[in-house]
Amino acid sequence: MRTQVAIIGSGPSGLLLGQLLTEAGIDNVILDRVGKDHILGRVRAGVLEEGTVGLMEKAKSGARLHAEGLPHDGFSLAFDGRDHRIDLYGLTGGKRVTVYGQTELTRDLMAYREQSSATTIFDAANVQPHDFEGIAPYVTYEKDGVTHRVDCDFIAGCDGFHGASRKSVPEKSIRSFEKIYPFGWLGLLADVPPVNHELVYANHPRGFALCSMRSMTRSRYYIQCPLDEKIENWSDDRFWDELRHRLPEHHAEALITGASFEKSIAPLRSFVAEPMRFGRLFLVGDAAHIVPPTGAKGLNLAASDVHYLFSGLAEHYQDRSNAGLEAYSTHALARVWKAVRFSWWMTTMMHRFPDTSDFDQKIQEAELDYLTHSRAASTALAENYVGLPY
Ligand code: RFL
Ligand code: PHB
């Protein structure tokens with residue numbers, strides 16, 4: 001098989017890139033090691049920046065997002081028994097975020113891809129990029145015991161943190177930076193109305209909590225938990241009790257609980273691989289970087305990488321210029337590091353670390369007090385939360 005761009009990974013970054021390329025008339029093939037149902041079974045991010053929404057529109061895949069996504073003009077920071085609203089819209093001169101689940105965004109992109117003639121190969125085993133430092137790269141994979149080969153001009157490694165793309169780069173050519181946090185997030189999804197019409201990020205001496213949502217009838221809640229916590233130890237009742245403890249009283253009293261239909265623990269990590277381009281192989285999204293979810297940046301960073309790579313590929317095929325592709329790693333990393341910094345800062349300010357003393361707790365509360373009462377500090381938070389420009 002031959003294509004112009006071989007895309008490894010059918011997560012949001014692979015699908016969004018694929019859809020933009022298809023719309024621009026650039027042939028592409030997506031390969032994923034698992035199937036559609038598996039991919040749609042993942043519950044992950046929920047907050048989209050305007051840039052991400054704009055890319056969905058550009059990919060002609062934004063109709064349902066516009067109909068069902070919830071525009072949010074602010075969120076709350078809760079600490080010391082109080083609740084303070086960050087007015088995203090007012091502080092950023094009219095910017096907002098959209099609450100729309102990653103699962104739904106992925107479902108939309110898959111549906112539009114199915115309507116096009118673009119090829120997707122699910123359940124492809126042992127996907128491997130080859131010869132990307134030369135001019136004739138190719139990807140191999142196995143299906144039903146047979147090895148297949150996809151020849152291409154470029155390879156987009158959109159295969160997430162554990163994928164094959166980054167691992168195929170010789171160790172001497174890549175540098176990685178990592179920070180592992182000493183806690184995880186225990187997340188729960190339930191068909192109950194959200195406790196607040198906007199998100200609530202809570203700092204509490206017992207640990208961080210987040211009240212989020214997928215719709216006005218479906219809530220997504222998280223509580224900070226130890227890394228070695230076992231999901232079996234968390235009945236729904238125990239989760240709701242712990243969440244109530246960590247919220248200001250008026251939210252705790254208003255909390256509507258119900259049976260969960262998803263519960264899982266995610267570790268928190270910051271990770272960046274440099275560079276993001278190796279000849280004709282480009283790393284995109286989680287394949288190149290991971291952020292802790294506190295700033296809601298993971299999916300949005302994947303989208304901004306897609307923006308830079310798509311622009312470079314379009315320039316290559318339409319204008320016969322490689323300038324955008326050559327600048328990809330530099331442009332993407334400049335934005336990545338700023339989001340890594342923001343996510344690290346939000347995580348550090350909002351969580352209880354194992355060695356957090358009462359002094360450290362007071363410092364966190366003083367920082368939050370400053371942040372919520374200084375327009376300058378709130379503006380810095382708001383402009384990062386809605387997303388820095390591409
Ligand atoms: P994805 O979504 O991981 O998709 C990668 C795709 O590649 C496939 N794949 C392979 N295909 C072929 N060969 C291989 N060897 C392959 N290895 C993997 C996988 O099957 C998959 O389909 O990466 P992408 O597209 O870059 O998208 C990034 C986002 O998914 C990610 O940044 C966010 O979901 C991160 N994240 C969160 N971000 C937020 O902003 N808010 C959140 O609440 C949030 N929660 C999360 C998260 C990430 C999690 N991970 C990675 C475990 C919760 C979890 C549990
Ligand atoms: C979510 O709804 O899953 C979510 C929202 C905001 C975050 C992280 C996760 O910062």
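We're numbering straight along the sequence, starting at 1. Read the numbers this way: they start at 1 and go in the same order the structure lists the ligands and their atoms.
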Any Lys/Arg nitrogen of [X] or [Y] sitting under 4.0 Å from an Asp/Glu carboxylate oxygen of the other?
| X | Y | value |
| --- | --- | --- |
| R85 | E198 | yes |
| E114 | K36 | yes |
| E49 | K297 | yes |

Counting only N and O atoms by type, is there a donor-acceptor contact under 3.5 Å from the side chain of [X] to the main-chain atoms of [Y]?
| X | Y | value |
| --- | --- | --- |
| R246 | I223 | no |
| D73 | D87 | no |
| S321 | D319 | no |

Looking only at distances, can you tell me whether any N or O atom of [X], backbone or side chain, sits closer than 3.5 Å to an N or O atom of ligand 1?
| X | result |
| --- | --- |
| H162 | no |
| W185 | no |
| F161 | no |
| V34 | no |

Is it the side chain (CB and beyond), the backbone, both or neither of [X] that lies under 4.0 Å from ligand 1, heavy atoms counted?
| X | result |
| --- | --- |
| V127 | side chain |
| Y141 | neither |
| I290 | neither |
| I39 | side chain |
| A124 | neither |

message: Going by ring-ring contact (aromatic ring centres under 6.0 Å, His included), H316 matches just one of F310, Y328, F154, F282. Which one?
response: F154
Check the side chains of [Y] and [X] for a donor-acceptor pair under 3.5 angstrom, ignoring hydrogens and angles.
| X | Y | value |
| --- | --- | --- |
| E229 | W234 | yes |
| D27 | Y317 | no |
| T140 | H148 | no |
| Q364 | N203 | yes |

Nearest non-hydrogen atom to [atom] belongs to which of [options]?
| atom | options | result |
| --- | --- | --- |
| atom 33 (C) of ligand 1 | K36, Q102, E49 | Q102 |
| atom 54 (C) of ligand 1 | R44, R166, H38 | R44 |
| atom 8 (C) of ligand 1 | D32, I121, L268, L105 | D32 |
| atom 25 (O) of ligand 1 | S13, G9, G14 | S13 |

Kindly confirm or rule out an N or O of [X] lying under 3.5 angstrom from an N or O of ligand 2.
| X | answer |
| --- | --- |
| A45 | no |
| W185 | no |
| R220 | no |
| Y201 | yes |

For [atom], which protein heavy atom lies nearest, and how many Å away is it?
| atom | result |
| --- | --- |
| atom 19 (C) of ligand 1 | R42 NH2, 3.4 Å |
| atom 4 (O) of ligand 1 | G11 CA, 3.5 Å |
| atom 43 (O) of ligand 1 | Y222 OH, 3.5 Å |
| atom 32 (O) of ligand 1 | D286 OD1, 2.6 Å |

- prompt: Mind checking whether H84 and H373 have ring centres under 6.0 Å apart?
  reply: yes
query: For ligand 1, which atoms, with element, lie under 4.0 Å from some heavy atom of C158?
result: 5 (C), 6 (C), 7 (O)
Approximate separation, where rounding is to 0.5 Å, of Y385 OH and N300 CG: 9.0 Å
- prompt: Does R44 come within less than 4.0 Å of ligand 2, judged by its heavy atoms?
  reply: yes
